[in-house]
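Written out below as structure tokens is the structure these notes cover.
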2 protein chains.
Amino acid sequence: MPNGYNAPMEMLARKLDSIARIADADREALLALPHTVRNLPARHDIVRFGDRPNQSCLVLQGWVYRYSALAEGGRQILSFYIAGDLPDLQSLHLHRMDHNLATLTSCVVALVAHDDLRAVLLKNPGLAATLWRDSLIDAAHYRERITSLGRRQALGRVAHMFCELYLRQKAVGLTRGLSCPLAPKQSELADSLGLTSVHLNRVLRTLRGRGLVTLGGGILTIENWHALAEVAEFDPTFLHLANNAAPAHPTVETV
Amino acid sequence: MPNGYNAPMEMLARKLDSIARIADADREALLALPHTVRNLPARHDIVRFGDRPNQSCLVLQGWVYRYSALAEGGRQILSFYIAGDLPDLQSLHLHRMDHNLATLTSCVVALVAHDDLRAVLLKNPGLAATLWRDSLIDAAHYRERITSLGRRQALGRVAHMFCELYLRQKAVGLTRGLSCPLAPKQSELADSLGLTSVHLNRVLRTLRGRGLVTLGGGILTIENWHALAEVAEFDPTFLHLANNAAPAHPTVETV
DNA sequence: CGGAGCATTGAACATCTTCAATAGCGGTGG
DNA sequence: CCACCGCTATTGAAGATGTTCAATGCTCCG
């Protein structure tokens with residue numbers, strides 16, 4: 001469940017735990033990182049194309065998404081981020097934004113100055129390696145999205161996205177049984193999957209009709225993991241979770 | 001011109017120069033990196049899904065590509081790499097391969113042991129930052145590909161890919177005027193653009209018909225950069241080239 | 001000359017989009 | 001409490017873009 005957070009940096013530590021083993025010294029350095037906590041309203045740009053941020057943002061609560069805007073008002077959503085994610089860690093080394101970052105829901109974020117972050121990473125190479133790893137996992141997510149967009153049909157694409165969002169939330173403790181929050185609206189899912197919202201809606205009907213998922217009230221429930229993963233040709237390797245958190249059949253589990 | 005290379009690591013230094021300013025100490029550390037040079041035949045897997053490489057490979061000559069294999073024999077090409085690129089730098093921190101890496105043409109590559117690389121990066125944080133930056137630029141390329149696959153039509157997708165491949169080669173000195181090598185065959189371009197080779201072929205005909213490009217003998221010639229970039233909605237920001245190497249109109253230039 | 005591997009073309013078909021309308025749902029003001 | 005508003009979801013029908021299948025051409029090379 002969308003439980004709160006204690007110390008802000010703890011949320012990050014928890015996320016990093018899901019992708020690597022963190023040394024104690026690194027954890028302490030992380031927890032001591034200076035930061036500012038901010039509440040942001042939903043559907044609000046955090047950084048925009050062309051910006052040169054001097055801080056990185058960490059999601060503590062809510063959903064954030066990354067998108068690129070096209071001519072004709074079109075938009076491609078590149079990725080979704082949830083609590084614990086560091087959506088613009090990249091601005092530490094890529095100084096000019098080549099896309100936009102925005103809140104999907106209302107959010108609580110922590111802002112960390114690049115200078116502070118650089119100083120801490122210089123003293124803690126292990127932590128630097130972990131964050132580098134995190135950004136490489138981000139890239140792995142992109143690769144999988146490319147595969148989806150390029151070679152999967154709409155049904156598989158949607159199924160794949162659901163598998164991914166479920167497991168990522170599970171890895172940081174945001175699921176309950178086979179249910180998890182699903183903040184994006186249909187039009188936003190469509191913009192992230194290269195579909196129109198009309199067609200996405202039809203695909204959702206099919207998934208429901210086949211008894212694979214249930215949707216409603218911002219909650220996704222996976223009714224049949226095995227069948228869903230099969231439709232999606234889902235293989236969790238690309239998530240690079242430390243404990244290989246992809247259950248063969250996450251059927252009945254009490255969280 | 002596909003010119004040769006001097007010291008292997010020099011090719012890498014040249015590539016890194018195109019994306020960042022390298023300190024002298026870092027450059028020397030780089031040039032001193034222990035490595036093995038290898039000749040590889042065309043269409044040959046370098047590392048495969050599931051592998052756990054203990055070295056990273058650097059392309060000195062030829063083209064390399066990254067792909068994921070799907071059921072039904074399908075394949076999605078995720079990206080192409082050219083001389084100077086470090087296509088599996090990522091394996092330094094992502095221990096298990098979640099996709100495949102293969103040669104497109106016959107290649108000369110340099111192999112660098114992870115242990116050696118780690119040692120050098122530990123002593124040269126500036127170099128580590130540059131390589132981190134390089135991997136973030138790799139991710140930026142993925143993002144742009146996602147945008148193409150999700151929201152551009154076939155014509156724009158192909159045009160965009162040509163703009164990208166031309167500029168990337170230009171950045172490391174592999175172009176001559178408005179021409180550059182184009183190693184992928186039509187079926188490979190198609191697999192990277194989420195199209196069938198049949199449809200790609202038709203799109204190429206259109207591009208030729210409109211006088212935007214000429215293709216032949218493994219050489220791409222851009223006949224009208226401005227029009228091509230317009231069809232592609234191409235913005236070079238995502239390449240993150242140090243000298244913003246995207247010419248407004250790279251019309252007549254002698255290299 | 002013959003063959004292999006690509007490139008090119010045609011025709012029928014599938015998937016997904018577009019345009020447009022209707023339905024549902026949650027919240028607000030009277 | 002109820003009518004209304006705004007936003008999202010849902011549905012239908014027509015059309016566009018891209019696929020599939022199958023055949024032919026082209027070019028390089030032994």
Side-chain angles (χ1 to χ4, degrees), chain A residues 41-44 63 65 70-77 104-106 148-162 181-209 213-220 231, chain B residues 41-44 63 70-77 104-106 148-162 181-209 213-220 231-232:
Chain A
R43 272 87 192 172
H44 167 263
W63 289 57
Y65 72 108
L70 291 103
E72 317 288 322
R75 157 179 89 156
Q76 173 67 40
I77 293 184
L104 191 62
T105 64
S106 65
S148 258
L149 291 171
R151 287 289 175 247
R152 280 189 256 264
Q153 310 221 123
L155 193 72
R157 261 184 238 175
V158 177
H160 198 279
M161 166 115 289
F162 285 167
L182 186 74
K185 301 183 189 318
Q186 290 189 9
S187 63
E188 289 155 343
L189 279 177
D191 277 346
S192 91
L193 292 167
L195 301 171
T196 57
S197 62
V198 170
H199 194 59
L200 176 75
N201 182 280
R202 291 181 173 129
V203 168
L204 291 180
R205 180 171 49 178
T206 304
L207 285 175
R208 270 192 303 249
V213 303
T214 315
L215 284 163
I219 300 288
L220 164 70
V231 166
Chain B
R43 273 88 190 171
H44 167 264
W63 289 57
L70 291 101
E72 317 289 325
R75 157 180 89 154
Q76 173 65 41
I77 293 184
L104 191 62
T105 64
S106 65
S148 259
L149 291 171
R151 287 289 175 248
R152 279 190 256 265
Q153 310 221 124
L155 193 71
R157 262 184 239 175
V158 177
H160 197 279
M161 167 114 287
F162 286 167
L182 186 75
K185 301 183 189 318
Q186 291 189 8
S187 63
E188 290 155 343
L189 279 177
D191 277 347
S192 92
L193 292 168
L195 301 171
T196 56
S197 62
V198 171
H199 194 58
L200 177 75
N201 181 281
R202 290 179 175 131
V203 168
L204 291 180
R205 180 170 49 176
T206 304
L207 285 176
R208 272 191 302 250
V213 304
T214 314
L215 283 164
I219 300 287
L220 163 70
V231 166

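Residue numbers start from 1 in every chain, and the chains themselves are labelled A, B, ... in the order their sequence lines are given, proteins ahead of strands.
- Put simply, CG on A:Leu193 is 13 Å from C1' on C:dC16, counting in whole angstrom units.
- At a threshold of 4.0 angstrom between heavy atoms, the contacts of B:Gly194 are confined to the sugar-phosphate backbone, with no base atom among them.
- Salt bridge annotation for A:Arg151-B:Glu72: absent, with no cationic side-chain nitrogen under 4.0 angstrom from a carboxylate oxygen.
- In this structure, B:Arg43 CZ and B:Thr105 OG1 are separated by 7.5 Å, a value rounded to the nearest 0.5 Å.
- What separates CG of B:Asp191 from C1' of C:dC6 is a distance of 14 Å, to the nearest Å.
- A donor-acceptor contact shorter than 3.5 Å is absent between the side chain of B:Arg208 and the backbone of B:Thr214.
- Here the P atom of nucleotide D:dT19 and the CD atom of B:Gln153 are 12 Å apart, to the nearest Å.
- Judged by distance alone, with hydrogens and angles left aside, the side-chain atoms of B:Arg152 form no donor-acceptor pair with the main-chain N or O of B:Arg157 at under 3.5 Å.
- Atom-to-atom, CG of A:Leu155 to C1' of C:dT15 comes out at 12 Å; the value is rounded to the nearest Å.
- Between C:dC16, D:dT17, C:dT17, one nucleotide has an atom nearer to the side chain of A:Ala154 than all others, and that is C:dC16.
- B:Leu182 pairs in a side-chain contact (heavy atoms from CB on, under 4.5 Å) with only one of the listed residues (B:Leu215, B:Val213, B:Ile219), which is B:Leu215.
- Distance A:Leu149 CG to C:dC16 P: 12 Å, rounded to the nearest Å.
- When rounded to the nearest whole Å, the span between CG of A:Leu195 and C1' of D:dT17 equals 14 Å.
- Judged by distance alone, with hydrogens and angles left aside, the side-chain atoms of B:Gln76 form a donor-acceptor pair with the main-chain N or O of B:Asp191 at under 3.5 Å.
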Check the interface with nucleotides 7-11 of chain D: list each N/O to N/O pair with the protein under 3.5 Å, or write none.
unit_1 : atom_1 : unit_2   : atom_2 : d
D:dA9  : OP2    : A:Gln186 : N      : 3.2
D:dT10 : OP2    : A:Gln186 : NE2    : 2.5
D:dT10 : OP2    : A:Asn201 : ND2    : 2.5
D:dT10 : O5'    : A:Asn201 : ND2    : 3.1
D:dT11 : OP2    : A:Arg205 : NH1    : 3.2

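- When rounded to the nearest whole Å, the span between NE2 of B:His199 and P of D:dC21 equals 17 Å.
- Following rounding to the nearest Å, B:Leu215 (CG) and C:dA7 (P) show an atom-to-atom distance of 10 Å.
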